[in-house]
There are 4 protein chains.
Amino acid sequence: MCSRTTARSRTGRPRSAEADTAILDATRAALVELGWSKLTMGDVAARAGVAKTTLYRRWANKSELVVDAVAVLFDELQLPDLGSLRADIEHVVLEFAALLERPETKTALMAVVAESTRDEPLRDRIRASIVDRQKRLVLEGRQRAQERGELPADRDPATVAAVDALIFDVVAGAVVNRSLVTAEPVDRAWAERLSALLVGGLSAAAESGTDALREPGAAR
Amino acid sequence: MCSRTTARSRTGRPRSAEADTAILDATRAALVELGWSKLTMGDVAARAGVAKTTLYRRWANKSELVVDAVAVLFDELQLPDLGSLRADIEHVVLEFAALLERPETKTALMAVVAESTRDEPLRDRIRASIVDRQKRLVLEGRQRAQERGELPADRDPATVAAVDALIFDVVAGAVVNRSLVTAEPVDRAWAERLSALLVGGLSAAAESGTDALREPGAAR
Amino acid sequence: MCSRTTARSRTGRPRSAEADTAILDATRAALVELGWSKLTMGDVAARAGVAKTTLYRRWANKSELVVDAVAVLFDELQLPDLGSLRADIEHVVLEFAALLERPETKTALMAVVAESTRDEPLRDRIRASIVDRQKRLVLEGRQRAQERGELPADRDPATVAAVDALIFDVVAGAVVNRSLVTAEPVDRAWAERLSALLVGGLSAAAESGTDALREPGAAR
Amino acid sequence: MCSRTTARSRTGRPRSAEADTAILDATRAALVELGWSKLTMGDVAARAGVAKTTLYRRWANKSELVVDAVAVLFDELQLPDLGSLRADIEHVVLEFAALLERPETKTALMAVVAESTRDEPLRDRIRASIVDRQKRLVLEGRQRAQERGELPADRDPATVAAVDALIFDVVAGAVVNRSLVTAEPVDRAWAERLSALLVGGLSAAAESGTDALREPGAAR
DNA sequence: CCTTAATCGAGACGGTACGTCCAGTCTTGAC
DNA sequence: GTCAAGACTGGACGTACCGTCTCGATTAAGG
């Protein structure tokens with residue numbers, strides 16, 4: 001979370017663990033009430049019953065604090081086995097949309113991504129704390145589909161990784177775009193249509209003689 | 001663009017037209033140099049050789065100014081007929097990615113979207129100035145594919161609209177997610193894979209006896 | 001007072017004159033209530049009903065603001081003709097002591113002088129705004145005494161200036177030291193004794209064949 | 001110096017004596033380099049190679065620390081017998097001025113006096129540590145002058161004390177005012193003139209039939 | 001020798017003020 | 001009525017110190 005993980009000084013008063021959690025809770029509460037742009041470090045400190053310096057001792061700026069505060073919410077996403085790839089995708093789409101409907105994520109996610117276009121360390125932090133951790137869902141869903149025989153299992157590793165990455169960007173991107181940019185509801189009908197499109201596309205590629213999704217340099 | 005459209009007074013000194021373009025140019029320049037969060041209204045005014053009052057007489061705040069400044073860039077996107085749906089999609093994906101690589105769009109787009117989660121008028125402005133105008137690309141591409149016979153032409157209008165919207169969210173979302181969130185390059189290989197997935201999905205739906213993408217309440 | 005005196009810009013909104021007086025009044029009030037070390041720029045601004053930036057636009061720091069705020073109080077000192085040099089000195093000593101008893105001067109004077117030991121421009125400001133303006137009292141008193149015949153009129157100008165300066169340092173220094181350092185009351189008895197000492201010393205010098213106070217290089 | 005004098009616990013680790021001197025040395029060094037207002041407790045602690053807690057265990061605040069740090073410098077003042085009251089005064093004036101020229105005293109003395117106008121215990125500490133100890137110089141000089149016959153010996157004790165106090169305030173005040181407020185050099189010429197004025201004033205009082213400096217209620 | 005207790009360093013803590021910056025508004029005189 | 005200029009209120013910023021606190025680690029003196 002904060003840089004304390006790496007072997008820290010043995011002397012001096014240790015940092016308060018309650019402060020950490022109080023600050024992150026306060027940050028989420030402030031996001032809900034005020035949104036990203038009206039959230040201030042001073043306000044978070046006051047809500048957490050903590051001095052501003054205590055915030056700055058742990059986080060360099062508002063963006064990093066908010067990433068940490070929101071990251072934990074994304075870990076709640078689960079991928080229960082619903083019996084088919086289509087059902088699994090549909091479920092995670094609706095789950096993800098529900099998460100993005102929460103005011104703390106809705107307002108924060110795009111803001112920190114926007115900030116990260118000019119802030120390399122922040123981009124790394126976002127990838128490590130949020131993005132990369134959700135790729136597990138794609139991996140898990142794809143493996144299950146292979147076990148069920150819905151998808152072929154014989155692809156080479158490079159293609160597998162590339163398709164996993166593609167599916168992640170398509171699903172995450174489509175949901176985010178739908179709910180935040182297009183600003184229309186991610187309802188069951190839309191989720192069904194997206195799942196159908198993806199499953200259809202993946203199956204079509206698998207059935208065609210030449211795998212249309214294979215990595216260019218990969219042997220088939 | 002600015003609120004001048006609504007019937008305004010006929011008397012008094014008319015607004016300077018040079019000022020308008022100078023301000024928007026200055027805004028883009030400032031976005032390139034400073035990024036969204038460090039761009040200030042005072043700085044834009046100074047670059048444009050204009051008083052701050054002149055900015056505020058035309059735009060209510062920084063977000064609206066930036067939306068107008070970048071909106072025009074999105075109109076450059078074109079959809080030349082490359083002979084197949086797959087090629088068309090691949091081309092627009094790369095075009096869109098190239099647009100998002102430009103520093104002024106990269107830093108501004110997500111920021112104003114983030115801001116718009118708490119600002120209804122801003123959300124409307126973004127949709128009107130940017131989002132809705134790009135949906136024409138989906139419409140055009142789909143119609144061409146139907147003319148070529150790549151896609152069936154007999155669907156009901158509600159389904160057509162729903163699928164157009166889905167494709168828009170998938171393409172736009174996937175590209176944005178890939179380039180800004182995942183932060184990996186949108187290269188030809190990735191674009192090919194995305195096109196293949198979409199064309200495969202659309203074809204699969206068309207070929208299957210029951211159209212998997214049809215609007216729930218629509219007759220087939 | 002502030003640097004506005006030197007030819008200023010003709011354009012733009014002019015500075016508020018009410019703000020100036022409100023700020024100086026607020027500064028004096030804050031000095032009375034809080035003393036120098038607990039006076040803050042933010043508090044002064046709040047009392048004056050003015051933004052902090054308005055303070056900083058006019059004064060570079062707390063010290064300069066306080067010098068301007070108290071300088072005006074020192075102009076109240078008067079030297080009415082009481083008929084004899086001794087009475088005149090006694091009177092001005094008591095007046096000056098009364099001024100130093102006021103909480104705003106008591107707490108501020110030494111503080112800005114202390115600060116000025118490391119701040120050349122501040123030292124100049126203090127001399128110009130406070131110190132030099134009070135030397136007029138010595139000049140006036142000495143001239144009256146010469147007219148009355150209490151002091152000889154035939155000295156050379158360099159000696160006259162040197163003695164004036166000496167008298168100023170002795171009177172001002174003695175009163176300040178008595179009231180702020182020694183922290184004992186400047187009462188009538190003390191003032192009489194100081195006047196007696198000075199008048200005695202000046203007369204003795206005048207009566208002695210060789211003027212003990214004459215400037216070394218001056219012809220007699 | 002520090003509050004250790006009052007009967008303290010006999011057990012536990014005793015306070016480090018080196019720490020005391022290291023802190024006071026560090027304080028003087030910091031005064032020279034930074035001046036009063038930029039001197040910080042943390043900096044002094046760091047210079048002294050000591051924890052901040054160690055400072056606060058000994059001194060309640062910055063002012064008291066600085067008083068102790070500079071007080072010792074004032075004890076260096078001596079009054080060698082130069083054969084005449086005038087020479088003695090002249091000498092001590094120059095000595096005192098030299099002391100005030102040292103950066104650590106120049107910046108600290110006025111500052112703590114300013115602070116003491118709102119801090120009774122500090123005022124007491126200054127009087128005890130600095131002011132009262134220097135009054136011995138006046139006492140000594142006056143006694144020598146009486147022994148030499150320069151001043152009459154028959155005054156009543158109250159008058160003697162009052163005149164001693166007056167002389168102290170005049171000399172100390174004049175030198176401080178000259179060097180810190182008027183900001184002009186205390187050179188030999190000025191010192192001679194001040195001595196002449198005082199000796200003249202004291203002699204005139206002694207010679208006049210009625211002692212102009214006598215305490216009001218005292219019998220002659 | 002072994003407790004006992006106050007000291008030591010380090011550094012985190014809650015506060016408070018700093019001086020700067022920017023947003024968005026207002027006031028001036030010129031056009 | 002618009003324009004450039006620039007002062008205005010208001011409020012957040014991130015930093016710096018203050019004086020306090022909590023640690024674990026030293027010390028002596030007293031048992």
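Quick note on labels: first sequence line is chain A, next is B, and so on, each numbered from 1.
- A salt bridge does not link A:D20 with A:R15: every distance from a Lys NZ or Arg NE/NH1/NH2 to an Asp or Glu carboxylate oxygen is 4.0 Å or more.
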Identify each donor-acceptor pair in which a side-chain atom of residues 49-56 of chain A lies under 3.5 Å from a protein atom, sequence neighbours left out, and give them as a table.
none

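- Atom pair B:Y56:OH and F:dA5:C1' shows a separation of 16 Å (rounding to whole Å applied).
- A salt bridge does not link C:R47 to C:D25: none of the charged side-chain nitrogens sits closer than 4.0 Å to a carboxylate oxygen.
- Applying the side chain to side chain contact (heavy atoms under 4.5 Å, CB included) criterion to D:T107, with sequence neighbours excluded, gives C:T117, C:R118, D:L31, D:W36.
- Checked against side chain to side chain contact (heavy atoms under 4.5 Å, CB included), D:A22 has the following partners two or more places apart in sequence or in another chain: D:A48.
- Evaluation of the side chain to side chain contact (heavy atoms under 4.5 Å, CB included) rule for C:A114 yields D:M110, D:A111 as partners, not counting sequence neighbours.
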What N/O pairs connect the protein and nucleotides 28-31 of chain E at under 3.5 Å? Give each pair on its own line.
none

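- Of all nucleotides listed (F:dC8, E:dT25, E:dC8), F:dC8 comes nearest to the side chain of C:A19.
- Nearest heavy-atom pair across C:A19 and C:S16 is N-OG, 3.0 Å.
- Remark: P of E:dC26 and CG of B:L55 are 17 Å apart, rounded to the nearest angstrom.
- The side chain to side chain contact (heavy atoms under 4.5 Å, CB included) with A:V44 is formed by just one residue from the set A:T27, A:L34, A:V66; it is A:T27.
- Listed by residue number, the members of residues 35-54 of chain C with any heavy atom below 4.0 angstrom from DNA chain F are C:G49, C:V50, C:A51, C:T53, C:T54.
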